[in-house]
Amino acid sequence: MSEHDRPTKHHEDHSEHGHSEHQNHSGRHSSHDHTAHHRHMMKDFKKRFWVSLVLTVPILALSPMIGDWLGFRLAFSGDMWVLFGLSTIVYLYGGWPFLKGLVDELKERSPGMMTLIALAISVAWLYSSAVVFGLEGELFFWELATLVDIMLLGHWIEMRAVIGTSKSLQALSALIPDNAHLLEDGKARDVAVSELNKDDLVLVKPGEKIPADGTITEGTSTIDESMLTGESVPVEKSTGDQVVAGSVNGSGSLQISIDASGDGSYLSKVVTLVREAQSAKSKTQRLADRAAYWLTLTAISVGTATLIGWLLAGFSLAFSIERMATVMVITCPHALGLAIPLVAAVSTTVSARNGLLIKNRTAFESARRITTVVFDKTGTLTEGRFQVTEIHPVGETSEEQLLLLAGALESRSEHPIAQGILRTVEERELSLPEASGFEAIKGKGVRGSVDGKTVRILSPKALADEGLDNPLESETLSGTTVFVLEEDEVLGALSLSDRVRDTSAEAVSTLQDMGIQCWMLTGDNDQVARDVSDTLGLDGYFSGVLPHEKQEKIRELQADGQVVAMTGDGVNDAPALAAADIGIAIGSGTDVAAETADILLVDSNPADVVKMIRFGRSTYRKMIQNLIWATGYNLVAIPIAAGVFYPLGILLSPAVGAIFMTLSTVVVAINAQLLHRMEQQH
């Protein structure tokens, strides 16, 4: 119920945001198509990975080099042909995505990781196949198989992340119901929301979602807009007020005139903002891709030059191919391919144990650059529920008497303000008297009878409308205030506000000590925002901000050169979370916010933002160390593999090259594991 008329922010003319279900549903289908495509790709990588992994076991058992290392090898007549057959299957089936990727990258004239992987497995397969058919040399089928396995696993994991991103748009669109009650000649007929047009009249029953942006033409009710605006208290709406698609109707029936159709839908605009922000973010070029690009060009150039050079020097084809194969094998992107994924795997595991779920690695790695953290107020810095913060008795009335009368009346109400009052009554262990004749006064408050006397609870506006004097007029009342009256006498007032989380002050203070500014975004009025800001000692705040404006505030800070992290919990925060350099969703928030954000704080603890930034810095350092090692190793190893020092008697066989490559991978893996030691520090 909504009995209390409270100060609310005035929404813009929602004729600008007229909702078109057709747009929404087409957007939903489009998003669904993309998700289905990504899910198909994920399943494909997963299937190829498991098939290749199963075949890798006998390949390792049959490989002479692995046998020499272990002192045991599976050997029988024709074993090399079996090894050749199994490896060929892995090469063609498991390696197909990379072989196809090579072709695609070359068509776009942008060789990268796919080209490098495809070249590595192709050289390993061609060279090893040639050995099976008589060329003197070593077999590297095991190298081919393990490389395919690791790369398929990495791409499988990456596709899962892509699907998570797509889900956010689906979750936003899913806020809209599929059907609406269209009124024609006074009778309601259920139609698909996509069939609604401008100026259509629809009936919205109690508890139903608003199907489209529109204007109330008949009825009074409370509208829960928390999923869209972050407001913790339902808003009283009556004839002439605008409503937004996706919000939830309270206890009254409403007749709504559809204001607009097409792209003007408010929720469609939110979806568009999220899609654009995510699209822009996905274009970030990763450092590993750039390193792979140059390594690819180096491997191709040096490998080709090595083959031609040794042939021109008069050496045999077998010797020349062996030198080229050594270059390609030693340039095999195991270390480079694992440099970031290994650190990411360790960091995400350690982070999860510490209440941090990482959804966007690129953003997480950028945590070291954050200069400003912007917090949403409701549900993030605060708990998202009301409590009585101040009690103002008048005359001889006691605080307990005021709470007893208010509690008795509000015990019949489900309104958040009523729940806040009852929570305080329960904390003080007060025994409430019986109330009778409970009645909601539309747009004003509630009234009833307690101990035979008429008791009313009114908003400041309703008190003024009644022509009653406000005995507390000279006092500054913070938060949301309601007055308690017995008959026509004002006994006092109760001020309620959304409780600030216990951990918020510590988080803000620590971030500021790290040289990071802390700001707050809220749709609440300036007085409420100032109270919270003063309590926490924030660097600044934006109040009365509409959902679509939150993204604009983030952009303003970024335009000033700030690297912004946004922390929020609602659908209204989704565009801002996507637009920020790093989007952080509080765990108690909606699934949409969680999907749109880069990082999810499972424990709803703002102090975890500090932990995230510190651990993000450590993770980035490890990634850079691994990239330096993986690329630096190649700069040293490639000339040796090519035979530059052959005149000095230094010559690497492909086998030795493979060992060096393996050692480089081990170094990268060990360095990544060192992140576990840093867990205690964060």
Side-chain angles (χ1 to χ4, degrees), residues 1-11 216 219-225 231-243 250-252 254 386-395 397 399 401-422 424-425 435-450 453-498 524-528 544:
M1 295 184 67
S2 154
E3 304 85 34
H4 302 290
D5 182 32
R6 65 183 184 85
T8 60
K9 57 179 176 285
H10 297 288
H11 289 263
I216 298 175
T220 299
S221 184
T222 53
I223 306 297
D224 181 359
E225 297 181 335
E231 284 286 353
S232 51
V233 180
V235 182
E236 184 85 28
K237 298 277 187 177
S238 58
T239 302
D241 291 332
Q242 277 83 32
V243 289
S251 58
L254 297 176
F386 274 85
Q387 68 168 13
V388 175
T389 52
E390 296 178 14
I391 302 177
H392 307 276
V394 173
T397 305
E399 290 188 1
Q401 183 182 357
L402 208 58
L403 282 172
L404 286 173
L405 289 174
L409 212 54
E410 296 288 24
S411 63
R412 305 297 185 90
S413 171
E414 295 297 326
H415 194 282
I417 287 180
Q419 297 306 306
I421 293 174
L422 292 174
T424 303
V425 169
S436 60
F438 176 84
E439 180 184 358
I441 314 170
K442 291 181 180 180
K444 295 184 178 181
V446 296
R447 67 183 167 202
S449 179
V450 179
K453 295 183 179 180
T454 300
V455 175
R456 289 183 292 172
I457 299 178
L458 301 176
S459 68
K461 181 177 182 299
L463 188 71
D465 290 343
E466 291 281 323
L468 299 172
D469 292 333
N470 179 358
L472 300 172
E473 191 170 3
S474 60
E475 298 186 25
T476 301
L477 305 179
S478 62
T480 300
T481 300
V482 293
F483 288 88
V484 181
L485 294 82
E486 189 175 67
E487 300 301 343
D488 284 334
E489 181 186 358
V490 177
L491 300 182
L494 302 175
S495 293
L496 300 94
S497 64
D498 193 0
D524 281 336
N525 61 58
D526 189 74
Q527 180 61 51
V528 172

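Predicted, not measured: the structure shown is a model, and the values here were computed from it.
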Could you walk me through whether L254 and I223 pass the side chain to side chain contact (heavy atoms under 4.5 Å, CB included) check?
CA-CA 10 Å; L254 297 176; I223 306 297; 3.7 Å; yes
In Å, rounded to the nearest 0.5 Å, how long is the span from CG of L403 to OG1 of T424?
6.5 Å
For the atom pair CD (E489) and OG1 (T454), what is the distance rounded to the nearest 0.5 Å?
13.5 Å
For L405 versus V484, what's the shortest heavy-atom pair and its separation?
CB-CG1, 4.3 Å
Let me see the working for V450 and L404 under side chain to side chain contact (heavy atoms under 4.5 Å, CB included), right down to the final yes or no.
CA-CA 10 Å; V450 179; L404 286 173; over 6 Å; no
I need the Q419 CD to E410 CD distance, nearest 0.5 Å.
9.0 Å
If I compare all heavy atoms of S221 with all of S251, which pair ends up nearest, and what's the gap?
OG-N, 3.5 Å
Heavy-atom check, side chain of L485 versus side chain of L463, under 4.5 Å
yes
Looking at E486 and V455, would you say the former's side chain and the latter's main chain have a donor-acceptor pair under 3.5 Å?
no
Closest non-hydrogen atoms of R447 and R456, given as atom of the first, atom of the second and distance, are CB-CG, 3.4 Å
Please report the closest heavy-atom contact between D469 and P471, naming both atoms and the distance.
O-CD, 3.2 Å
In terms of heavy-atom contacts, L494 and L496 come closest through O-CD1, 3.8 Å
Are the side chain of T389 and the backbone N or O of S495 linked by a donor-acceptor pair below 3.5 Å?
yes
Backbone N or O of T220 within a donor-acceptor pair of the S238 side chain at under 3.5 Å?
no
Closest non-hydrogen atom pair, T481 against A493
CG2-CB, 3.9 Å
Tell me, do V394 and L491 make a side-chain contact under 4.5 Å, heavy atoms counted?
no
Find the distance between CZ (F483) and CG (N470) and round it off to the nearest 0.5 Å.
3.5 Å
